[in-house]
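Both backbone and side-chain heavy atoms feed into the values below; hydrogens, waters and symmetry mates do not. Every number for a ligand or one of its atoms is a count from 1 in the order of the listing.
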Amino acid sequence: MSKVDETVQDLYDEVVARNPGEAEFHQAVREVFDSLGPVVARHPHYADAGIIERLCEPERQIIFRVPWVDDAGRVRINRGFRVEFNSALGPYKGGLRFHPSVYLGVVKFLGFEQIFKNALTGLPIGGGKGGSDFDPKGRSDGEIMRFCQSFMTELYRHLGEHTDVPAGDIGVGGREIGYLFGQYKRITNRYESGVLTGKGLSWGGSQVRTEATGYGVAFFIREMLRARGTDFDGRRVVVSGSGNVALYAIEKVHQLGGRVIACSDSAGYVVDEEGIDLDLLKQIKGVERGRVSDYAALRVGAARFVSSGSIWDVPTEIAIPCATQNELTEADADRLVGNGCAIVAEGANMPATREAIKTFAKSTVAFAPGKAANAGGVATSALEMQQNASRDSWSFEYTETRLADIMRGIHENCLRTADEYGSPGDYALGANIAGFTHVADAMLALGVI
Ligand code: NDP
């Protein structure tokens, strides 16, 4: 092992020892550290100034009780989290996730990723993330509202447009952001639009924010295809998930000429060789809050539902995992490579395991990590903050053009950085190093704080 590799390994061992039992956080740190060797070798001052250790230690971690009353009158208790990871580039920025799997290790992995993703956008935003182990599935509107109000009754004191600005993530969409913003406004007596993003269009939200993560992934893939001298035209695409990111990734892929033939939820996946009928899927998932199995039931003869196995069994040229972390394993990666997949771009955060990423690296598959490919959501959140700060409201077309430009910029930055560090075409390395150096330089300038 070289001296540099030893340094990076020692730093990683220390992170694991200081944060026991947080497997997802360890994985996210490992994934970034896998790329840091060449930077530490070229710029030892980052390691000498303790930048890497400081990056791995959140500036602040908040854990709180969230009591609420269900429709039957029973008192329920959940746990709320906000990890304010790094504010060297701007106020903490990152979503809230409501899902029973949420614990400190998940919030920290998401917050850690967010630092580099936000740096890559080139916009003035730091990294943070939050959420709760609350399960919104099957809950009434009234229950969701009471939960959100209780959650915000504690969280509000830590937020502010110059301090910490949450948004949505799994289980937190426009409805939840509305209830959270309403409670913030009530407690503080301030119409502080810039304190949350993902708001409704009539009360401070931005055009394209709802679509931004999914659209952004499709724009990023368009750049990857362009770099190979080709485009989406007629290509088979598989998108996992059927939530916010997945729906709008499907929409933009279709608009750009690709054909999405499969999508999923946690109960299974659906294959429709004619191409997913997005209006039908939106109605089922977005309006009725139903399942993808309902889609197959309504498209008899055209679509089939598969409740076992993996969506990555479906042969495809382009794979876009948009569901959740570690949904794409080494075995899935082997199958994708075997079936001739050319591009994998992460719409979700850390959907590919470390082993899957290694498999892609050994093959001809171009792999785009989430911190680059799904940065369109947070970038458009930053555009929402800009509009709130100037009390302005931009058109859909203008905002979408800004998003497409940002995604093009991130793509270029990843490739340029990968070239500079001797690994042409390695998007993961390019994203990690470009994000790291941007935030590290700001941390150096701000002193030991
Ligand atoms: P949604 O809640 O809107 O959708 C999540 C989708 O993933 C649903 O189809 C859900 O299925 C599926 N899913 C969730 N957990 C599992 C699981 N354990 N196994 C299989 N499927 C699962 O969330 P988003 O679309 O907002 O987020 C999806 C991913 O994208 C997350 O990783 C998130 O962190 C990331 N992301 C989101 C951004 C945003 O702007 N929303 C920005 C950047 C990244 P089911 O309904 O059955 O649970």
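Atom numbering of ligand 1 starts at 1 in the shown order; those under 4.0 Å from a heavy atom of R97 are 31 (C), 32 (O), 33 (C), 34 (O). Within the listing of ligand 1, atoms 43 (C), 44 (C) sit less than 4.0 angstrom from a heavy atom of N374. Residue G241 has at least one heavy-atom neighbour below 4.0 Å for each of these atoms of ligand 1: 9 (O). Listed by number with element, the atoms of ligand 1 under 4.0 Å from a non-hydrogen atom of S242 are 9 (O). Every atom of ligand 1 is numbered from 1 in the order shown, and the set under 4.0 Å from a heavy atom of G171 is 2 (O).
Ligand 1 is never approached by Q325 to a heavy-atom distance shorter than 4.0 Å. Put simply, part of R209 is less than 4.0 Å from ligand 1, judged by heavy atoms.
By the 3.5 Å distance cut-off applied to N or O atoms, T324 is not counted among the residues near ligand 1.
With hydrogens and angles left out, the side-chain atoms of T329 and E355 include no donor and acceptor closer than 3.5 Å. Side-chain polar atoms of S310 and D313 form no donor-acceptor pair below 3.5 angstrom.
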Give every donor-acceptor pair under 3.5 Å between a side-chain atom in residues 201-211 and any protein atom, sequence neighbours left out.
unit_1 : atom_1 : unit_2 : atom_2 : d
S206   : OG     : Q387   : NE2    : 2.9
R209   : NE     : G377   : O      : 3.2
R209   : NE     : S381   : OG     : 2.8

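With rounding to the nearest 0.5 Å, the separation of CG in L247 from OG1 in T213 is 12.0 Å. Separation of atoms OG1 (T437) and CZ (F116) is listed at 10.5 Å; rounding is to 0.5 Å.
For atom 4 (O) of ligand 1, the closest non-hydrogen atom on the protein side is G243 CA, 3.2 Å. If you check which protein heavy atom lies closest to atom 24 (P) of ligand 1, you get V245 CG2, 3.9 Å. For atom 41 (N) of ligand 1, the nearest non-hydrogen atom of the protein is N244 OD1, 3.6 Å. Scanning the protein heavy atoms around atom 13 (N) of ligand 1, the nearest turns out to be A323 CB, 4.1 Å. Among protein heavy atoms, atom 39 (C) of ligand 1 sits closest to T213 OG1, 3.4 Å.
Listed by first and then second residue, the ring-ring contact (aromatic ring centres under 6.0 Å, His included) pairs that reach into residues 310-343 come to none, sequence neighbours excluded.
Under a cut-off of 6.0 angstrom, the local environment of CZ in R30 is crowded, with over 12 non-hydrogen atoms contributed by other residues, nucleotides or ligands. Around the CZ atom of R157, the shell of radius 6.0 Å holds more than 12 heavy atoms that belong to other residues, nucleotides or ligands. Atom CZ of R408 has more than 12 heavy atoms from other residues, nucleotides or ligands within 6.0 Å. The environment of CZ in R304 is sparse: at most 12 heavy-atom neighbours from other residues, nucleotides or ligands sit within 6.0 Å.
For atom 22 (C) of ligand 1, the nearest non-hydrogen atom from the set A379, A267, S266 belongs to S266. Which of H99, R291, K117, R289 comes nearest to atom 46 (O) of ligand 1 through a heavy atom is settled by distance: it is R291.
Contact annotation for atom 33 (C) of ligand 1: protein present (non-hydrogen atoms, distance under 4.0 Å).
Only the backbone of C322 comes within 4.0 Å of ligand 1, judged by heavy-atom distances. At a heavy-atom cutoff of 4.0 Å, ligand 1 is contacted by the side chain of K137 but not by its backbone.
Here the two rings, on F151 and F134, have centers that are 6.0 Å apart or farther.
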